[in-house]
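For this chain, numbers begin at 1 and follow the sequence in order.
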Amino acid sequence: MSYGELSSEQSAIVSGLVRCSDVHDLGAGDLTLSRKLLRLGARKVIAVDKEPAPPRVPKGVEYIQSHFDI
């Protein structure tokens, strides 16, 4: 598995968890995983990253430039 991608087994499990839900992508980077979560049926993805938003943020993704910690 390469960084930011899900295997087919992971996709099958995650799709059941995210379908019709609002989910977070922490450390969203270039939004690869955010786009995948939308394709798997997420209603909305809240993407958080410390860097400025990429040039094209897809519909269904809310991008927040911020740090997160415990």
Side-chain angles (χ1 to χ4, degrees):
M1 178 179 87
S2 63
Y3 180 76
E5 295 186 21
L6 301 176
S7 69
S8 57
E9 293 86 9
Q10 290 170 320
S11 292
I13 293 168
V14 169
S15 67
L17 299 171
V18 304
R19 189 168 293 122
C20 299
S21 297
D22 294 350
V23 297
H24 291 82
D25 180 5
L26 303 179
D30 67 358
L31 303 177
T32 299
L33 184 57
S34 295
R35 287 181 180 88
K36 177 73 170 188
L37 292 167
L38 289 173
R39 285 194 303 273
L40 292 175
R43 177 176 45 208
K44 178 181 180 181
V45 178
I46 301 166
V48 181
D49 201 277
K50 65 181 180 177
E51 301 298 328
R56 290 186 274 272
V57 177
K59 183 177 179 180
V61 174
E62 177 184 342
Y63 191 91
I64 299 172
Q65 183 181 359
S66 180
H67 292 269
F68 57 92
D69 57 33
I70 297 175

Rounding to 0.5 Å, atoms CG (Leu40) and CD1 (Ile13) come to a distance of 12.0 Å

For Ser34 and Val45, the nearest pair of non-hydrogen atoms, with its separation, is OG-CG1, 3.5 Å

Closest non-hydrogen contact found for Gly60 with Leu38 is O-CD2, 3.8 Å

**Prompt:** Are side-chain heavy atoms of Val48 and Tyr63 found at a separation under 4.5 Å?
**Reply:** no

Correct closest heavy-atom pair for Ala53 and Val57 would be CB-CG2, 4.1 Å

Distance col, row Asp25:CG vs Glu62:CD, nearest 0.5 angstrom, shows 12.5 Å

Taken to the nearest 0.5 Å, the spacing of Lys36 NZ from Leu6 CG works out to 6.0 Å

Taken to the nearest 0.5 Å, the spacing of Asp49 CG from Asp30 CG works out to 9.5 Å

Note: His67 and Lys50 closest approach over all heavy atoms is CE1-CB, 3.7 Å

Separation between NZ (Lys44) and NE2 (His24), nearest 0.5 Å, reads 8.5 Å

Smallest heavy-atom separation, Pro58 atom then Arg56 atom, equals CD-O, 3.6 Å

